[in-house]
Undergrad: 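Before I ask anything, let me first share the structure, which is written out below as structure tokens.
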Amino acid sequence: MTDQRNTSTPIDPAKLDRLAEVAVKVGLGLRPGQDLLLTAPAIALPLVRRIAVHAYKAGAGLVTPILSDEEMTLARYRHGHDASFDRAAGWLYEGMAKAFSDNTPRLAIVGDNPMLLSGEDPSKVARASKANSMAYQPALEKIVNFDTNWNIIAYPSPSWAKLVFPDDPEDVAVGKLADAIFAASRVDREDAMGNWASHNAVLRERTNWLNGQRFRALQYSGPGTDLTIGLADGHEWEGGASLSKNGISCNANIPTEEVFTTPHCRRVYGHVVSSKPLSYQGTLIDNIAVRFEDGKIVDAKASRGAEVLNKVLDTDEGARRLGEVALVPHSSPISQSGLLFYNTLFDENAASHIALGQCYSKCFVNGAQLTPQQIAAQGGNQSLIHIDWMIGSAETDIDGILADGSKVPVFRKGEWAK
């Protein structure tokens with residue numbers, strides 16, 4: 001850990017350690033005796049090491065890291081034989097699924113260059129992504145259903161930092177991205193634990209109000225947008241800390257500013273445009289405009305990345321339907337930073353958003369007891385993908401529609417109306 005103790009480092013070591021502590025104690029809520037499965041880019045080793053320290057101090061049984069590397073990823077696309085792009089490490093994901101079934105929490109550190117594959121063959125990228133998504137399903141189901149406690153945080157790699165701050169020298173860019181990550185993750189001040197407790201309480205107030213309303217649908221209006229999103233039967237709003245099936249409260253995303261639930265995948269009507277670009281597997285998809293009929297996207301356009309968007313929509317039957325709807329005020333800290341992070345973990349917390357694909361069974365009343373068939377019958381979507389993209393802005397109004405058809409203001413000009 002000596003590499004991060006040097007005072008010349010652009011990454012504040014105290015705040016990095018604070019992020020690791022928050023990830024373990026708030027993000028995961030790690031319990032004594034739990035093992036920990038951790039994935040991260042190799043460049044994030046300084047954070048990985050600090051997480052191991054805090055995890056073992058919290059009583060972890062065994063911390064197992066799995067590291068990735070940008071150069072190794074690129075080597076596959078430049079030198080791998082064609083048939084390899086239809087393969088994935090299913091054995092690894094089966095092992096992960098078993099670990100999650102055995103009460104092992106999942107921690108992911110993101111930080112790779114979001115545009116890493118921008119210069120590679122799009123068809124190979126799409127094939128590899130689909131193969132990986134299919135192989136990952138046994139593990140992903142454990143995550144989206146909150147079978148175990150899990151968390152995602154971020155580390156400021158140089159390649160990512162230069163994308164966000166292209167005009168700065170690398171060390172300056174890394175320092176700026178680190179500061180932005182620390183601020184968004186609420187570890188830029190000493191009492192990070194207390195800050196998270198207060199923030200979770202605010203998000204809980206929002207979810208309690210929404211759950212008390214029992215809206216049948218949400219109606220969005222704004223520039224280029226006239227959209228009605230039906231909500232799943234028996235839906236439940238979540239936000240901030242969530243209780244996983246193993247009885248542990250965790251904050252799955254750090255940072256988080258959203259409250260979210262499951263839409264009814266067959267009751268979405270109208271049209272909507274994106275308010276921020278979507279960075280997806282090396283492609284920036286901008287000015288997305290889609291039209292829904294009976295819950296399904298029947299027309300999709302984008303000023304940039306349209307080919308990739310349509311490949312995503314053709315992944316499977318559920319890819320053209322919604323699996324999540326989330327509310328985020330325009331005044332959120334990430335929105336006010338004015339930064340495009342090129343990373344959904346951050347960008348989704350800058351604006352209200354929707355997600356194509358798989359729903360969260362957690363977002364149903366008594367969701368832990370529902371079968372996949374029951375979730376589908378209540379409107380939950382099933383898909384190999386789950387991709388969030390932003391539709392909210394300072395000009396967005398949202399109304400909740402009650403069972404009798406009357407409307408209740410939820411957002412006005414991008415802010416909570418209540």
Side-chain angles (χ1 to χ4, degrees), residues 1-23 27 39-51 53 67-74 108-120 152-192 195 253-257 276-284 286 304 330-351 390:
M1 288 165 52
T2 56
D3 57 328
Q4 291 299 316
R5 289 175 183 163
N6 190 321
T7 56
S8 65
T9 179
I11 302 175
D12 186 317
K15 292 176 183 176
L16 192 70
D17 189 73
R18 213 174 286 153
L19 178 60
E21 182 179 17
V22 164
T39 60
I43 194 71
L45 265 174
L47 179 56
V48 172
R49 292 165 180 155
R50 282 164 166 74
I51 286 169
V53 169
L67 303 180
S68 60
D69 177 71
E70 292 184 1
E71 290 301 318
M72 289 185 66
T73 299
L74 290 175
I109 301 175
V110 298
D112 280 330
N113 179 1
M115 306 301 285
L116 181 66
L117 302 179
S118 60
E120 307 307 317
I152 306 175
I153 58 172
Y155 182 84
S157 68
S159 58
W160 180 20
K162 281 293 291 178
L163 185 64
V164 180
F165 300 101
D167 299 328
D168 291 312
E170 184 177 280
D171 61 335
V172 174
V174 169
K176 285 185 174 181
L177 182 57
D179 288 344
I181 289 172
F182 295 147
S185 303
R186 299 176 181 268
V187 298
D188 56 339
R189 62 204 82 178
E190 289 191 7
D191 188 18
N195 191 6
N253 290 351
I254 289 180
T256 184
E257 303 292 333
K276 291 180 179 292
L278 166 65
S279 177
Y280 181 73
Q281 294 185 341
T283 297
L284 200 64
D286 204 2
R304 179 179 178 184
H330 181 68
S331 59
S332 82
I334 296 174
S335 174
Q336 294 306 300
S337 75
L339 296 175
L340 178 64
F341 284 86
Y342 297 87
N343 185 297
T344 302
L345 177 63
F346 291 83
D347 292 333
E348 73 169 4
N349 285 296
M390 286 55 73

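These figures come from a predicted structure and were not determined experimentally.
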Undergrad: Measure the shortest side-chain to side-chain distance between Phe165 and Val174 over non-hydrogen atoms and say whether it is less than 4.5 angstrom.
TA: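 Of all side-chain heavy-atom pairs linking Val174 with Phe165, none is under 4.5 Å.
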Undergrad: Any carboxylate oxygen within less than 4.0 angstrom of a Lys/Arg side-chain nitrogen, looking at Lys176 and Asp168?
TA: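 Salt bridge between Lys176 and Asp168, a charged N being under 4.0 Å from a carboxylate O: yes.
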Undergrad: Return yes if some donor-acceptor pair links the side-chain N/O of Ser185 with the main-chain N/O of Val187 below 3.5 Å, else return no.
TA: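 No: the side chain of Ser185 does not pair with the backbone of Val187.
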Undergrad: Would you call Arg186 and Glu257 a salt bridge, using N to O less than 4.0 angstrom?
TA: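 Yes, this pair counts.
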Undergrad: Answer whether the closest heavy-atom distance between the side chains of Asn349 and Thr256 falls below 4.5 Å.
TA: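 In short, these two side chains touch, coming nearer than 4.5 Å.
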Undergrad: Could you tell me whether the side chain of Tyr155 reaches within less than 4.5 Å of the side chain of Ile11, counting heavy atoms only?
TA: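 Result yes, sub-4.5 Å side-chain heavy-atom pair found.
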Undergrad: With a 4.5 Å limit on heavy-atom distance, are the side chains of Ile43 and Pro158 in contact?
TA: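 Yes. Closest side-chain heavy atoms under 4.5 Å.
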Undergrad: Counting distance only, does the side-chain N/O of Arg49 pair as donor-acceptor with the main-chain N or O of Ala44 below 3.5 Å?
TA: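 Here the side-chain-to-backbone pair does not exist.
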Undergrad: For the backbone of Tyr342 and the side chain of Asp347, can you confirm whether one donor and one acceptor N or O come within less than 3.5 Å of each other?
TA: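 Looks like yes, one N/O pair under 3.5 Å.
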Undergrad: Tell me, do Thr344 and Leu278 make a side-chain contact under 4.5 Å, heavy atoms counted?
TA: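 Yes, close enough: below the 4.5 Å cut-off.
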Undergrad: Can you check whether Pro13 reaches Arg50 side chain to side chain, under 4.5 Å on heavy atoms?
TA: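 Touching, per the 4.5 Å side-chain cut-off.
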Undergrad: Is there side-chain contact between Pro41 and Asp112, with heavy atoms separated by less than 4.5 Å?
TA: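 Of all side-chain heavy-atom pairs linking Asp112 with Pro41, at least one is under 4.5 Å.
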Undergrad: Hey, mind stepping through Gln336 and Ser331 against side chain to side chain donor-acceptor pair (under 3.5 Å) and telling me if it holds?
TA: CA-CA 6 Å; Gln336 294 306 300; Ser331 59; 5.8 Å; no
Undergrad: Does the Asn253 side chain pair with the main chain of Pro255, one donor and one acceptor, at a distance under 3.5 Å?
TA: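 The answer is no, because no donor-acceptor pair under 3.5 Å joins these two groups.
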